[in-house]
Structures are given as C-alpha cells and as structure tokens.
Amino acid sequence: PGEVLGNVFRHYFIKTGEWLLGRQKRKLEHLKLALELSDGVYPSGFSDIFPVHMSAPELNYSDVDTSCLYMGKRLAAPLMINAITGGHPETAWINRELAAAAGQAGIAMAVGSQKAALNDYSVRETFSVAREVNSDGLLLANLGACCTPGEALSAVEMIAADGLQLHLNVPQEIIMPEGDRNFKGVLANISTIINTVSVPVIVKEVGFGMSRETVLALHAAGVRNIDVGGRGGTDFVAIELSRTNKKCFDMEGWGIPTAVSLLEGLSLGLEIDFVASGGLRSSLDMARALAAGAAMTAMAGPFLKSLVEGGAGELEKSIRYLIQGLRKIMLLTGSANIRELSRKPIVITGPTAEWLERRGVS
Ligand code: FNR
C-alpha cells in the first residue's frame with residue numbers, strides 16, 4: 001500500500017507548491033487527507049433504521065434480484081461509486097480503475113469535479129479515461145452548481161455522461177481560504193442547466209446533508225434527482241481544517257446526518273429520486289436506505305480506500321461483497337426485488353426518530 005500511495009503522491013511529496021496550480025494541488029491534498037483521516041465522529045444515523053426481520057420469507061435466495069433501472073440503464077444493484085477525483089495527472093489511474101470496476105460489476109460511477117479540465121485540456125484525459133474503460137456503463141459528470149450552462153455541456157460531453165451531478169458544498173467553500181463566497185442565483189442557475197443539458201441532473205451535497213427546505217427549493221427549481229450527501233462519512237470540515245492547518249473548529253459537526261436528510265426529503269412525497277450517500281458503509285446501510293425509499297445508494301471514501309490501499313482486486317471484492325450482502329438482507333426481509341424492499345416496513349429509533357419528531361416529520 002505504501003508503494004501505491006507513494007506513487008499517487010509522488011509529485012505531491014516531491015514538488016509541493018513548486019509547480020502545481022492551486023486547484024490541482026488541492027485535488028491531491030483532498031485525496032491524501034481522505035485516505036489518512038477516518039470518518040467523522042458524527043454518525044450517519046443509519047443505525048437508527050431497522051428493516052424488519054422476516055423468519056419465513058418464502059423465497060429462494062437464487063431468485064432474489066438486486067438489479068435496478070437507473071437513468072435508463074440496468075444496473076446489477078442500486079449502488080454508485082460517488083464523485084471523487086480527476087483533474088491532476090496523478091489521478092487518472094484512480095478514475096480508470098474505479099470506472100473499470102464499476103463497469104465490470106454493473107454499478108454506476110461519478111467522476112470528481114471536472115472544473116480543472118474546462119480550461120486545461122491537458123487534464124481532460126484524467127476524466128475521459130473513465131469512459132474509455134467503461135464504454136456502456138452508467139457514468140456521471142460532476143461540476144459545482146454555480147458552473148455555467150456551457151461548462152455543464154462540456155463536462156457531460158467530456159465523458160459522454162449519462163447524467164450530470166451538480167454539487168453544493170457551501171460549508172467546504174467557506175472554510176477554504178480560496179473558496180467561493182457568493183452563492184446568489186444558484187437555484188436559477190440549476191434550473192437553466194437542467195433546461196440546457198440533455199441528460200438527467202442530480203444535485204448533490206458532499207457530506208453536509210440537505211434539509212427538507214432545501215429539497216423543496218430544489219424541487220421548485222425543477223430538480224428531480226437529489227443526492228442528500230449527508231453527514232456521517234467523509235468529513236470535509238476535518239479535511240479542510242487539516243489541509244489549511246487551522247485549529248479553528250467552529251464548524252465541527254456541522255450538517256445533517258444522512259438518515260435524517262433522506263427521511264426528511266422522502267417525507268415530502270415529491271417526485272424526486274433520492275440517492276442516499278454520506279457515511280453508508282455496509283450492505284445493511286444500503287438496505288436501510290433502500291427500504292426507507294432511496295432509489296440509489298452511493299459511497300466515495302470506502303471505494304477510494306479499497307483501491308488505493310488494496311488495489312483493483314480489493315475494490316472489485318468490496319463491490320461484490322456489498323451486492324451479495326444486500327441480496328442476503330433482501331432475503332431476510334422477504335424482498336424478491338428492490339421495489340419490494342422499498343415497500344417493507346422499517347422502524348426508526350434513537351436520535352434520528354427524535355430529530356424527525358422535533359422537525360414535525362411523520
Ligand atoms: C469527494 N466528494 C466530491 N463530491 C463532488 O461532488 N465533487 C468532487 O469533486 C468530490 N471530491 C471528493 C474527493 C474525495 C477525496 C472524496 C473522499 C470525496 C464527495 C463525495 O462524492 C461524497 O459526497 C462524500 O465523500 C460523502 O460520501 P462518503 O465518502 O461518506 O461515502
């Protein structure tokens with residue numbers, strides 16, 4: 001693992017700051033710190049959600065079908081490798097391996113923010129490599145929600161994407177000394193982009209979650225796909241504080257746990273497909289989210305760690321185990337397919353139940 005890491009961050013260690021552009025340097029620092037730091041101490045809330053055990057499921061395990069249709073493509077399971085990287089030459093191999101593994105396993109994948117490649121043609125290949133090794137799979141492009149419609153079009157075109165993720169990451173921006181400060185007009189911008197690109201648009205958070213007020217505002221702006229990207233997993237407050245060597249912890253713990261965010265959003269009963277992400281770490285977490293009503297589940301940090309620390313074989317194994325585990329839990333809940341799982345009873349307890357109650361969510 002040390003060797004692989006050494007390889008990834010060769011330039012980082014040797015030439016820190018000497019020639020790397022700010023954004024490129026940041027890409028490597030995010031990767032390095034996401035690998036070094038463990039998940040935040042704040043729980044995702046999924047351990048408060050209990051799908052109900054069915055002792056006599058009347059199903060044959062071999063008939064349990066984990067597949068789903070998502071954005072027009074058939075997937076082996078509702079699972080996505082969420083946006084991680086690209087934009088620096090040393091990141092191309094990561095997108096290549098993630099995309100190849102996603103293609104082989106039949107799951108979806110998003111590349112990291114393509115901002116760096118919009119003006120610098122030399123790093124386009126760090127994203128397009130994903131499509132080269134995964135010609136038929138479901139691939140999502142990624143940009144910040146403040147990008148221009150033209151930039152959105154070019155990000156989609158760069159990887160022949162099946163969909164576009166637009167990320168909202170205000171807490172991260174305001175911690176970063178070089179981050180954005182003006183978020184005015186973002187909802188109107190999202191509307192314009194939805195009307196400009198020909199593929200579905202997912203608006204996503206990056207680990208701070210979405211309130212139902214945000215979900216309502218996004219729905220009014222025309223958004224029909226939301227990744228709640230809640231608190232409980234990769235912690236960008238910790239990453240940014242560590243990156244900038246700041247001791248100021250005034251934002252520690254900020255955000256909405258993923259389970260709360262998902263349940264708040266679903267409670268609105270709107271025509272929105274939700275992606276559950278942020279701190280999902282097991283097949284059981286996937287099953288909890290799907291039973292609650294999520295259309296898709298996604299993980300970023302765990303897949304990055306599997307790949308960098310264990311290599312492509314380990315990544316392939318972790319995806320396979322997640323899908324196998326989901327299938328077992330589907331059997332245990334008496335669900336022959338994902339649609340049936342989404343209709344099974346769940347019990348919500350603990351701080352998640354308390355949060356929802358205090359917010360008047362039923
Ligand atoms: C991310 N994430 C992210 N999201 C995004 O929309 N654009 C991006 O460029 C990135 N970059 C990025 C880099 C690294 C190193 C990590 C680990 C993550 C956020 C990611 O997609 C996801 O929303 C969060 O990581 C929460 O999920 P996990 O990691 O808890 O499963």
Side-chain angles (χ1 to χ4, degrees), residues 5 8-9 12 23-24 26-46 79-88 90-91 94-95 98 108-118 123 126-127 130 140-147 155 163-173 176 179 201-210 226-240 242-243 255-259 261-262 275-282 285-286 289 296-309 318 322:
L5 258 176
V8 185
F9 301 114
Y12 175 78
R23 182 175 287 118
Q24 289 203 340
R26 191 164 76 220
K27 296 276 151 202
L28 294 189
E29 287 174 340
H30 282 164
L31 279 173
K32 179 174 173 284
L33 291 166
L35 288 162
E36 274 175 20
L37 300 173
S38 46
D39 286 342
V41 292
Y42 303 94
S44 66
F46 276 108
L79 179 59
M80 180 185 339
I81 300 178
N82 221 342
I84 298 174
T85 200
H88 182 280
E90 293 291 318
T91 63
I94 297 181
N95 273 340
L98 293 174
M109 177 202 161
V111 296
S113 173
Q114 291 160 266
K115 181 92 179 157
L118 295 173
V123 293
T126 65
F127 297 101
L140 301 176
N142 184 291
L143 278 176
C146 294
C147 70
L164 168 67
Q165 289 184 327
L166 292 177
H167 63 257
L168 291 168
N169 64 338
V170 178
Q172 186 187 6
E173 293 293 339
M176 291 194 289
V201 171
I202 301 180
V203 177
K204 83 182 275 281
E205 253 289 358
V206 301
F208 301 100
M210 285 196 204
I226 289 181
D227 179 340
V228 296
R231 197 193 70 186
T234 300
D235 181 351
F236 270 100
V237 172
I239 289 178
E240 292 304 341
S242 185
R243 195 171 73 82
I256 306 173
T258 303
S261 209
L262 177 67
V275 182
S277 87
L280 274 75
R281 294 297 177 258
S282 64
D285 284 346
M286 290 170 66
M296 170 61 61
T297 65
M299 304 181 200
F303 290 134
L304 176 66
K305 282 185 185 162
S306 290
L307 174 63
V308 176
E309 290 166 10
S318 64
L322 282 169

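Both ligands and their constituent atoms are indexed starting at 1 by order of listing. Excluded from the calculations below are hydrogen atoms, water molecules and symmetry mates; all remaining heavy atoms, backbone and side chain alike, are included.
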Ligand-side contact atoms (ligand 1) for residue partner [X], heavy atom cut-off under 4.0 Å:
X    : answer
A34  : 15 (C), 17 (C)
E205 : 23 (O)
G112 : 9 (O)
G301 : 28 (P), 29 (O), 31 (O)
G233 : 30 (O)
H167 : 5 (C), 6 (O), 7 (N)

### Message
When you measure from the side chain of S318 to the backbone of S306, do you find a donor-acceptor pair of N or O atoms at a distance under 3.5 Å?
### Response
no
### Message
Would the distance check show the side chain of T85 and the main-chain N or O of T91 forming a donor-acceptor pair, the cut-off being under 3.5 Å?
### Response
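No, because the side chain of T85 does not come within donor-acceptor range (under 3.5 Å) of the backbone of T91.
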### Task
Counting heavy atoms only, name the option from G230, S113, A298, G144 that's nearest to atom 8 (C) of ligand 1.
S113
### Query
Out of R281, K305, M299, Q114, whose heavy atom is nearest to atom 28 (P) of ligand 1?
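Checking each option, the heavy atom nearest atom 28 (P) of ligand 1 is found in R281.
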Give the residue, atom name and distance (to 0.1 Å) of the protein heavy atom nearest [atom].
atom                    : result
atom 7 (N) of ligand 1  : N142 OD1, 3.2 Å
atom 12 (C) of ligand 1 : I84 O, 3.2 Å
atom 26 (C) of ligand 1 : G278 CA, 3.8 Å
atom 24 (C) of ligand 1 : V206 O, 3.8 Å
atom 2 (N) of ligand 1  : A83 O, 3.1 Å
atom 29 (O) of ligand 1 : T234 OG1, 2.5 Å

#### Entry: Partners passing side-chain hydrogen bond (donor to acceptor under 3.5 Å, both in side chains) against E173 (at least two apart in sequence or in another chain)
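For E173 the side-chain hydrogen bond (donor to acceptor under 3.5 Å, both in side chains) partners, ignoring immediate neighbours, are N169.
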### Query
Quick one: does G207 get an N or O within less than 3.5 Å of an N or O on ligand 1?
no
### Message
Below the 3.5 angstrom mark, is there an N/O of F236, backbone or side chain, next to an N/O of ligand 1?
### Response
no
### Message
With a 4.5 Å cut-off on side-chain heavy atoms, are E240 and H30 touching?
### Response
yes
### Message
Counting C-beta onward and ignoring hydrogens, is there a side-chain heavy-atom pair between L140 and N82 closer than 4.5 Å?
### Response
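Side chain of L140 against side chain of N82, heavy atoms only: no contact under 4.5 Å found.
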### Task
Determine whether the side chain, the backbone, both or neither of K204 has a heavy atom under 4.0 Å from any heavy atom of ligand 1.
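The part of K204 near ligand 1 is the side chain, not the backbone.
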Would you name the heavy atoms of [X] and [Y] that are closest together and state the gap between them?
X    : Y    : answer
G232 : D39  : O-CB, 4.3 Å
A300 : I84  : O-CD1, 3.5 Å
V228 : E205 : O-CB, 3.4 Å

### Task
Measure the CE-CD1 distance between M296 and I202 for me, rounded to the nearest 0.5 Å.
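Answer rounded to 0.5 Å: 8.0 Å.
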### Query
In Å, rounded to the nearest 0.5 Å, how long is the span from CZ of F208 to OG of S261?
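Interatomic distance, F208 CZ to S261 OG, rounded to 0.5 Å: 12.5 Å.
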#### Entry: Qualifying residue, where the test is side-chain hydrogen bond (donor to acceptor under 3.5 Å, both in side chains) with N142 and the options are K204, Q114, H167
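Going through the options one by one, the only one that passes is H167.
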